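This report concerns only the one structure given below.
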Amino acid sequence: MTNREIGRTLDRIADLLQIKDENPFKIAAYRKAANSIYHLDEDLHVYYQHDRIGSIPGIGKAVKNLIEELIEKGSSEYYQRLVQDIPEGVLDFLRIPGLGHKTAALIYEHLGIDNLDDLLKAAQDRRIRTIPGLGSKTEYNIKKGMDLLQQSHGKTTLGLALPLAQQLRDYLAESPLVELISLVGSIRRGKPLVGDIDILVATRNGEEIKNLFRNYRELQQVMDEGPDYIAGQLSFGIKVEVIMVEPPHFYGALAWTTGSKEFRDRVWEGIEPDRFANLASEEEVFKVIRLSFIPPEMRENQGEIELAQQGAIPRLVEAADIKGDLHVHSDWSDGGAKIQETVTQARLLGYSYVAITDHSQSLGISGGLNEQRLSQQGKVIDAINQELDDFHVLKGIEVDILKTGRLDFDDEVLEKLDVVVASIHSNFKLDKETQTDRIIQAIKSDQVDIIGHLTGRLLNRRSGYELDIEPVLQAAAQYQVALEINSHPDRLDIDEHISRQAREMGIKIAINSDAHHREDLKLLQYGILTARRGWLQPEDVLNTMDYDSLITYLRNKDLR
DNA sequence: GCCGTTTTCGGCCCGACTGTTTTCAGTCG
């Protein structure tokens, strides 16, 4: 079992306990343990071998035993006992926004429903409102929520799929029979939601590769196979297909299988496949079709083919361009890492600066900082900066945009900070006009440098709030406020479309991790993929600036 | 169920909004 699967089992135990209305602190304990495991930087099996599971914060004797049982047997007796009371299908109810544990329990108890299909039927048949305490709004909410689930049906976030894909690729790559290998399809293009994982292998022995695949530890089942492919399912129900080609055809197939269907249809029309044999790189494939090289993330037929015909493909931003991270939480609010740990990690990533941007006071649950704590934190940051000569910690805040559009701190407080990220964390359901005005007000506030996760969307969970993007972008352009690409793979907000539009309007973009743990700084890779899908170049991105330029930029709003 | 620089037992748990109500329970960040 992977860390992720073990963490998910603990989360599901917490959900089951919550549906059973157990002690909330016990539930919180399971959630905390799950969270610790998600943010571990090493395989739990390694902890197990060294008997160190008990040393993980939030994991005591009971959870330690449970994890050991999961590692040894692949299942847990306690979990099995819980699902005898509450069928696992009831947990799916929780994926509907606004439907929580209490409501799930009510529906199961009164109607005996234990799967989403029957739940939808019951909502359509107006049977939900027969349950005391539930009404027509809940029925409407279920129908709407099911719509959302069905829209993204079968698709997985890149954050879940990419690590699994890379693991499988690396496993196959170890075989001497694999001459060349690459991820292809939507996952190589960096799409935020992917239907499946596609891997292309160059080999002269397809049968052996299939055997290798069948023996993969994380493979749950083989679904389908043919002479030159094999498909199966990994954990979390993620589908995977391994496509095999003879080595001379690898690069032709690589280019063919990477682009979207629309891209393929246009670029490959009427070209004989034989022309791509024996090429030495993907660049050569593009030479054959008389286009300059198009980065995988752009291959969507959205104008890039025309650019390639003119030799005008932009130089997209890449990881090496990034000089720092401008949205990072610490243990001063809801983050798990000390500022010093974040600094160490940021230096490992080759950054020269990082901004500590904890939550502001009104976000109580996240331990938001009041003015006094913020100033204390500033002193700690000063002390850390004293010790560093080639790295800078910026003083920042992720200030809440209140319901009225005002910020959670007065100007005098924000003025003293190096960087101000302003974000919405409450009142998601305001009407479009009010919500739009609210954000524009924050943009105009004179203190804000970056708007964080602009639309509030959570992939596969929640659409963004009602928002009129056009006037927001106009205001951002006019007042020279940057927009964030929040790199968390559940957000990737703003998305590639808004990014591209913003770039065309001259708005700067900050690619931020919004890290809440040390390891989360690495999530920036997903934001970079989104930026590339939005055609962003290094000069469009705020945090490609070196420290001196950045500070000059931040301190002189009128020079922007 | 976890944890301990007041504690090995007794805390841990904020606040706003929404829906279903008629004064409150559930959800969520």
Side-chain angles (χ1 to χ4, degrees), chain A residues 9-11 13-37 53-67 76 78-79 82 93-110 123 128-142 144-145 329 333-336 358-370 373 398-404 408 423-431 434-435 438 452-453 455-458 461-465 486 488 490-491 493 514 516:
Chain A
T9 304
L10 295 175
D11 257 332
I13 289 175
D15 283 331
L16 290 163
L17 292 173
Q18 205 167 344
I19 291 170
K20 284 165 69 93
D21 201 22
E22 293 250 3
N23 176 359
F25 300 107
K26 185 171 167 178
I27 294 161
Y30 275 101
R31 292 212 194 281
K32 186 168 179 233
N35 218 11
S36 280
I37 288 169
I53 291 178
S55 71
I56 301 167
I59 295 187
K61 212 173 162 193
V63 176
K64 172 175 182 274
N65 287 337
L66 198 143
I67 292 172
S76 138
Y78 182 54
Y79 181 76
L82 287 172
F93 297 1
L94 303 174
R95 290 162 61 199
I96 292 171
L99 198 161
H101 301 83
K102 289 281 156 83
T103 311
L106 273 177
I107 294 171
Y108 175 60
E109 279 164 23
H110 281 82
I128 300 295
R129 66 183 70 183
T130 63
I131 301 169
L134 302 183
S136 60
K137 282 276 173 76
T138 309
E139 274 172 0
Y140 173 73
N141 187 37
I142 289 171
K144 209 173 130 215
H329 295 270
S333 68
D334 62 347
D358 277 306
H359 290 288
S360 61
Q361 51 198 358
S362 75
L363 212 60
I365 183 79
S366 299
L369 305 183
N370 57 24
R373 294 256 302 150
E398 182 181 13
V399 67
D400 236 51
I401 302 173
L402 303 175
K403 187 174 182 179
T404 55
D408 197 17
S423 318
I424 283 182
H425 293 105
S426 61
N427 297 293
F428 298 143
K429 290 192 175 172
L430 302 181
D431 65 74
T434 318
Q435 198 69 283
R438 179 186 183 192
H453 45 75
T455 77
R457 76 161 178 186
L458 290 175
R461 273 194 285 161
R462 184 178 83 198
S463 319
Y465 21 79
N486 188 295
H488 195 290
D490 289 344
R491 291 192 183 271
D493 178 14
D514 195 3
H516 283 71

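Note on naming: letters A, B, ... go to the chains in the order of the sequence lines (proteins, then strands), and numbering restarts at 1 for each one. Quick caveat, the model's predicted, so the values are computed rather than measured.
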Taking only the side-chain heavy atoms of [X] (C-beta and beyond), determine which of [options] contains the nearest atom.
X         : options                   : answer
Phe25(A)  : dG29(B), dG26(B), dG1(B)  : dG1(B)
Lys102(A) : dG29(B), dT18(B), dT27(B) : dT27(B)
Lys137(A) : dC12(B), dT20(B), dT18(B) : dT20(B)
Thr103(A) : dA16(B), dT27(B), dC2(B)  : dT27(B)
Asn427(A) : dT18(B), dC2(B), dC17(B)  : dC17(B)
Lys403(A) : dG26(B), dC17(B), dG29(B) : dC17(B)
Ala29(A)  : dC2(B), dG26(B), dG29(B)  : dC2(B)

Would you give the length of the straight line joining atom CG of Leu66(A) to atom CD1 of Ile13(A), rounded to the nearest 0.5 angstrom? 4.5 Å

Atom CD1 of Ile19(A) and atom NZ of Lys102(A): how far apart are they, to the nearest 0.5 Å? 11.0 Å

Rounding to the closest angstrom, what is the interatomic distance between [N] and [M] at atom [atom1]?
N       : M       : atom1 : answer
dT7(B)  : dC2(B)  : P     : 22 Å
dG1(B)  : dT6(B)  : P     : 28 Å
dT20(B) : dA25(B) : P     : 16 Å
dT22(B) : dC17(B) : P     : 23 Å
dT23(B) : dC28(B) : P     : 26 Å
dC14(B) : dT8(B)  : P     : 24 Å
dC3(B)  : dC13(B) : C1'   : 16 Å
dG15(B) : dT5(B)  : C1'   : 31 Å

What is the distance, to the nearest angstrom, from the [atom1] atom on [X] to the [atom2] atom on [N]?
X         : N       : atom1 : atom2 : result
Ile67(A)  : dC2(B)  : CD1   : P     : 9 Å
Asn141(A) : dG26(B) : CG    : P     : 16 Å
Ile56(A)  : dC2(B)  : CD1   : P     : 12 Å
Ile59(A)  : dC3(B)  : CD1   : P     : 9 Å
Asp490(A) : dC28(B) : CG    : C1'   : 15 Å
Arg31(A)  : dT27(B) : CZ    : C1'   : 12 Å
Ile96(A)  : dG26(B) : CD1   : C1'   : 15 Å
Ile142(A) : dG19(B) : CD1   : P     : 13 Å

Any N or O donor-acceptor pair linking the side chain of Asn23(A) to the base of dG1(B) at under 3.5 Å?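 When only heavy-atom distances are counted, Asn23(A) does reach the base of dG1(B) through a donor-acceptor pair under 3.5 Å.
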
Is the shortest side-chain heavy-atom distance between Ile107(A) and Leu134(A) below 4.5 Å?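 SC-SC contact between Ile107(A) and Leu134(A) confirmed.
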
Which comes earlier along DNA chain B counting from the 5' end, the contact point of Lys429(A) or that of Gly98(A), where each point is its nearest nucleotide?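 Upstream on the strand: Lys429(A).
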
How do Gly133(A) and Gly100(A) order along DNA chain B: which one's closest nucleotide is nearer the 5' end? Gly133(A)

Does dT20(B) have OP1 or OP2 under 4.0 Å away from a side-chain N or O of Thr138(A)?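 True: Thr138(A) side-chain N/O within range (under 4.0 Å) of dT20(B) OP1/OP2.
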
Within the structure shown, what part of the strands sits under 4.0 Å from [X] by heavy-atom distance: base, sugar-phosphate, or nothing?
X         : value
Ser136(A) : sugar-phosphate
Arg462(A) : sugar-phosphate
Lys61(A)  : sugar-phosphate

Syn or anti for dT5(B) (syn when the glycosidic angle lies within 90° of 0):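 You should classify dT5(B) as anti.
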
Could you tell me if Asp15(A) and His101(A) have a donor-acceptor pair between their side chains, going purely by distance under 3.5 Å?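 There is such a pair (donor and acceptor under 3.5 Å, judged by atom type) between the side chains of His101(A) and Asp15(A).
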
Identify the residue among Ile53(A), Asp11(A), Ile59(A), Thr9(A) that makes a side chain to side chain contact (heavy atoms under 4.5 Å, CB included) with Ile37(A). Ile59(A)

Watson-Crick or G-U wobble partner of dT8(B), both distances under 3.5 Å: none

Has Asp400(A) got a side-chain atom pairing as donor or acceptor with Asp408(A)'s backbone, closer than 3.5 angstrom?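 Such a contact is absent between Asp400(A) side chain and Asp408(A) backbone.
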
Please lay out, stage by stage, how Tyr78(A) and Asn65(A) fare under the test side-chain contact (heavy atoms from CB on, under 4.5 Å). CA-CA 11 Å; Tyr78(A) 182 54; Asn65(A) 287 337; over 6 Å; no

